[in-house]
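In what follows, a single structure is set out as C-alpha cells and then discussed.
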Protein chains: 2
Amino acid sequence: MARKAQHSKEELRAMALAAAREIVAAEGAAGLSTRKVAARMGYAAGTLYLVFRNLDDLVLQLNAATLEALDAHLAEALARLPAGAGPRQRLLTLAHAYYLFAQEHFHLWSLVFEHHLPEGETMPESLAARVRALLGRVEAELAHLGAGAALAARVLWSGVHGIAVLALTDNLAATGPVDAPALVDSLVNRYLDGFAAARRNQS
Amino acid sequence: MARKAQHSKEELRAMALAAAREIVAAEGAAGLSTRKVAARMGYAAGTLYLVFRNLDDLVLQLNAATLEALDAHLAEALARLPAGAGPRQRLLTLAHAYYLFAQEHFHLWSLVFEHHLPEGETMPESLAARVRALLGRVEAELAHLGAGAALAARVLWSGVHGIAVLALTDNLAATGPVDAPALVDSLVNRYLDGFAAARRNQS
DNA sequence: CAGATTGTTGAACGGTGTTCATAAATGGCC
DNA sequence: GGCCATTTATGAACACCGTTCAACAATCTG
C-alpha cells in the first residue's frame, strides 16, 4: 500500500510540525491529535511514529520551534530600536515584545508551559538550549548590574511571563479590565529603580 | 439497578470533588477521568452527569475549592505574623506563602491556570469571586500606596505567580539551579523600593 | 524475473467524555 | 397488602483518542 520515499524523514518531520502548529494555533492544545495531524499531511496516523517517539515528542519539538520563533521575534524588536537606546528601553522593548508574542500566538505559547514532562523525565536539550538563549537576551541587557544580573534577569523574565499568563487566561479579568502593557511597564521600571536604589545604599 | 437517595446531590458533589482532588494531587491533570472519579466514589460514570454539566464543570468547581484552600493558607501565614509587622513584611509573607502552596499542591494549583474555558465562555462567578478575594488580600497590604495600589497588587501577584510557574515547571531549571524564594524576595523588595522612589520623585 | 527491502497502512486494543433507554428501589394511594 | 408513579443509578453505546504491529504494495538488487 505504499510507494517508496514519498517524502524523506526530514520532510515528514517538517510537515508534521507544520500541521500540528496550524491545528494548535486554530483550535488550541485540546484540538491536537495524531489522527488530525496525519490527515492534514495526507498520511495515516501510524506514520507519525516513524518520525516521533510519540505525541509528547512531537509537542516537545513543536515547542522548541515556538521558542525559536519567539527568539526571532525578540531580536526583531531590538533591531527596530535606535542605536542609542539605553538598557532600560531595551528591556522594556523585550518585555513588551514577549507579551505581544504571547498574545498573538496564544495557543502555541501556552503549549510550551502547559506541557508537563512525564514524572522524572528531563527537558530535551533542544528545548533547554532555547530557554537559555532567551534568558541570555535579558541577562545581556542587565550586564551593568554586575553580580546581580543573573537574579534580576530571572525575576524580570518570570514577572513578565506571569503578567502574560494571568492577563491572557482571564485570571485577572475577574477583577476588572486589565491593561497588561501598563503592568509590564510598572514591573520593569519599578524593579530597575529599586535595584538601582539598593545598589546605591550598599556602596 | 439503584436504590433510592443513597446520597443526596450535595453529598455526591462533595464526594466527586474529593475524589477528583485526590486523583489530580496524585497523578496530575492528565490522570483525571470521569470513570476514575466515579469508581473512587463507588458509582458509575454516568452518575456524575446528575451533578455536573460535564467534566469541565467539575474541574471548575475543583478549582474554586483550590483557590479557597489557597486563601485559607494565606490567611494562616498572615496570622502567624507578629502584630507589629509592617506592610513589606506582610507582603513578603503572602508571596512566600503563595509559592509554598503552589509547590505543595503543584498539580491542583496547575489545574487552576491550565484549564482554558471554551472559546467565548466566561469564568463562573464562583471562581471569579475567589480570584477577587485573593487579589484583595494583596491590595489591602498596599493601601499605603494610594492610587497605585491596584496596579502594584496586580504586578506583584502576577510576578510571584510567574516565578512559581517557571520554577515549578522546570522552565528555568534549564539555566541552572533556581532559588525561587530568593527570586520572590528580590521581586517584592526591589519593586517596593522602586515604587517608593518613584513616589518621592513625583512629589 | 525473483527476492529482499522499504514505506505505509489500517485494523485492533484499551482508554476517553457523553448520552440515554432501562432497570431497580422506594413512596404514596387505594 | 397490592399497585403504580417517581426517583436514582446504571451500563451499553457512540465517537473519538494514542499506540502498536502484522501485512501489503512499491521499489531496489541481483
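Letters go in sequence order (proteins before strands), and every chain restarts at 1. The structure displayed is predicted, hence computed values, not measured ones.
- Of the candidates C:dT16, C:dT8, D:dG18, the closest approach to any side-chain atom of B:Lys36 belongs to C:dT16.
- Within the nucleic acid shown, B:Leu58 has no heavy atom closer than 4.0 Å to any nucleic acid atom.
- Put simply, CG on B:Leu48 is 11 Å from P on D:dA9, counting in whole angstrom units.
- Spacing between atom CD1 of B:Ile23 and atom C1' of C:dT16 amounts to 14 Å, rounded to whole angstrom units.
- Among the nucleotides D:dT19, C:dT18, C:dT8, the one closest to any side-chain atom of B:Leu55 is C:dT18.
- Remark: P of D:dT19 and CZ of A:Phe52 are 12 Å apart, rounded to the nearest angstrom.
- Side-chain atoms of A:Ser33 lie closest to D:dC17 of the nucleotides C:dT8, D:dC17, D:dT10.
- Here the side chains of A:Met123 and B:Asn171 are in contact, with some heavy-atom distance below 4.5 Å.
- With respect to B:Glu141 and B:Arg88, no salt bridge is recorded, no charged nitrogen being found less than 4.0 Å from a carboxylate O.
- Under 3.5 Å, the side chain of B:Arg35 and the base of C:dG15 form no donor-acceptor pair of N or O atoms.
- For the pair B:His73 (side chain) and B:Ala97 (backbone), a donor-acceptor distance under 3.5 Å is present.
- One atom, CE of A:Met41, and another, C1' of C:dG7, lie 13 Å apart when rounded to the nearest Å.
- Under the 4.0 Å criterion applied to side-chain N and carboxylate O atoms, B:Glu22 and B:Lys36 are not assigned as salt-bridge partners.
- Residue A:Thr34 is classed as a base contact, given a heavy-atom separation below 4.0 Å to a base.
- Side-chain proximity of B:Tyr43 to the nucleotides C:dT18, D:dT10, D:dG18 is greatest for D:dT10.
- The separation between A:Leu12 atom CG and C:dT8 atom P is 6 Å, rounded to whole Å.
- For D:dT10, the OP1/OP2 oxygens have a side-chain nitrogen or oxygen of B:Thr47 closer than 4.0 Å.
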